[in-house]
Structure formats: structure tokens, C-alpha cells
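Quick notes on the structure that follows.
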Amino acid sequence: MFESASVGNRWVNTIDFQNPEAIAKAFQIMENNIYCTLSTCSFDGYPWVSPVFFAYDDNCNIYWSSAIESKHSQNLYSNDGKVAIAIFNSSVSEGTADGLYFSGTASELQSEETQKILKLLLNRAKRKHNRTADDYLNDSPRRIYQCQPQEAWVTGERLPFGNQLIDTKIQICLQSLRKHKNQNSEFRIQDSEARINKG
């Protein structure tokens with residue numbers, strides 16, 4: 001059952017699950033920010049958050065590189081990969097930030113996929129790096145990790161409640177977000193080809 005955000009559903013709007021504007025906003029947040037906040041929890045219940053540089057693929061899987069022995073990596077190994085991610089721009093004015101939230105499972109990337117995903121990370125980096133897949137394999141202390149989102153939310157409207165404003169979230173359809181991402185990629189390719197042909 002789809003419903004508006006209210007105290008009864010913890011201020012989560014599900015009516016706009018596939019709303020094109022909400023989906024587009026979610027994609028823009030993912031596209032325009034290069035750091036996310038990664039939330040993990042130890043097996044015995046101690047939470048930990050880490051800012052990590054990230055990239056994403058056509059399925060909106062999130063990737064980052066980290067030391068194997070770092071606290072958040074060890075939490076993933078010991079707690080079935082349970083993870084939550086928030087992406088937002090912290091430089092905007094108070095009360096104006098939009099956020100994208102994922103919950104899902106994360107794991108160490110398989111060695112055969114490391115080269116392909118490393119390219120995604122390097123393409124997003126502002127600085128140029130001379131890293132290769134070998135920097136994340138075998139005896140290296142670092143690995144590339146993948147989060148496969150299972151649920152997603154984006155910032156909704158702020159609703160008046162008495163003399164306060166309550167922040168809400170819109171639960172969004174991951175399939176619609178993936179479709180929007182891929183349509184956007186196709187548009188960019190077509191636009192780039194058109195510019196080349198004009199030149």
C-alpha cells in the first residue's frame with residue numbers, strides 16, 4: 001500500500017515510489033557527489049561510519065577501495081556485509097541539503113572484476129592515478145568493495161508539524177533509478193556523437 005509521509009510510517013513517502021522527479025533527483029545526487037558516508041556495524045553491535053570516495057555502475061552498485069584491515073572492512077566481513085550508505089553535499093546551507101540513501105549488502109570484489117571496476121573509480125577521480133588491478137589483489141593490503149543496494153530513499157519535502165518542520169524521505173524504485181541512469185548515459189553518448197559529427 002502506497003502512502004504519504006506521516007508519523008505513522010516514520011515519515012516515509014511511498015506514493016512517489018516511481019515519481020520521475022524523485023528518481024531524477026536521486027540520480028543527480030549520485031552523479032554530482034564523489035564521496036559517500038558508509039555505515040557498518042560490528043558483529044557485537046558497535047556502529048561505525050566512514051567517508052569513502054565512490055563510483056557506481058549501470059545497476060547503481062556502489063564501489064570503493066579500502067584497506068582490508070580497516071574497521072569498516074572488518075565489519076563487513078564479520079556481519080554478513082550489512083551496510084547503509086548516504087550520499088549528500090555537505091557544503092549547502094542548513095535545511096537545503098538533499099540526500100540519497102541506500103541499504104544493502106557489501107562484499108569484496110571478485111578478482112576477475114577488479115580491472116573493470118578500477119576503471120570506473122579512476123574515471124571519477126579528479127586526480128590522475130597510475131594504479132593497476134595488482135594494487136588491489138594478492139598480497140596488497142587493499143581491496144575494492146561492492147555494495148549491492150536492496151532499498152533506496154531520497155530526501156522528500158519538509159512537512160509542518162506544530163511549530164516544527166519534519167524531514168521526510170521518499171522510498172524510490174531501484175529499477176527506475178537504474179533505468180534513468182542508463183537513459184542518461186545513452187543521451188550523453190548520442191550528444192557526444194552529435195558534437196563529433198558537427199566538428
Salt bridge (Lys or Arg N to Asp or Glu O under 4.0 Å) contacts in which one or both residues fall within residues 64-91, not counting sequence neighbours: none
Shortest non-hydrogen separation from Ala67 to Ser70 and the atoms involved: O-OG, 2.8 Å
Minimum-distance pair of heavy atoms, taken over all atoms of Phe2 and Thr14: CD2-O, 2.9 Å
Cation-pi check, Arg124 onto Phe54 ring (under 6.0 Å, within 45° of axis): yes
Distance under 6.0 Å and angle within 45° of ring axis: Lys181 vs Tyr56: no
Nearest-0.5 Å distance that lies between atom NE2 in His129 and atom CG in Leu121: 9.5 Å
Interatomic spacing from OH in Tyr63 to SG in Cys36 - rounded to 0.5 Å: 13.5 Å
Tyr101 and Glu151: side chain donor to acceptor below 3.5 Å: no
No-hydrogen, no-angle side-chain donor-acceptor test under 3.5 Å, Ser50 and His72: yes
Side chain proximity check, [X] to [Y], heavy atoms < 4.5 angstrom:
| X | Y | value |
| --- | --- | --- |
| Cys147 | Ile85 | yes |
| Thr114 | Leu137 | yes |
| Tyr145 | Ser65 | no |
| Lys179 | Gln175 | no |
| Ile170 | Trp153 | no |
| Leu118 | Ile144 | yes |
| Ile68 | Ser73 | no |
| Tyr136 | Glu108 | no |

Positive for side chain to side chain contact (heavy atoms under 4.5 Å, CB included) with Ile117, one of Leu109, Leu122, Asn61: Leu109
Examine distances only and state if a side-chain atom of [X] and a backbone atom of [Y] form a donor-acceptor pair shorter than 3.5 Å.
| X | Y | value |
| --- | --- | --- |
| Asn184 | His180 | no |
| Asn9 | Ser6 | yes |
| Ser176 | Ile172 | no |
| Asn79 | Gly81 | no |
| Thr168 | Trp11 | no |
| Ser78 | Gln74 | yes |
| Thr96 | Ser93 | yes |
| Asn19 | Glu21 | yes |

Pair Lys25 + Asp98, salt bridge at N-O below 4.0 Å: yes
Phe102 with Val52, same ILVMFWY side-chain cluster at under 4.5 Å: yes
When the side chains of residues 154-165 are checked against the rest of the protein, which donor-acceptor pairs come out under 3.5 Å, sequence neighbours left out?
from	atom 1	to	atom 2	distance (Å)
Thr155	OG1	Gly99	N	2.6
Thr155	OG1	Gly99	O	3.3
Arg158	NE	Asp167	OD1	2.8

Heavy atoms of other groups near Gln150 CD, more than 12 under 6.0 Å: yes
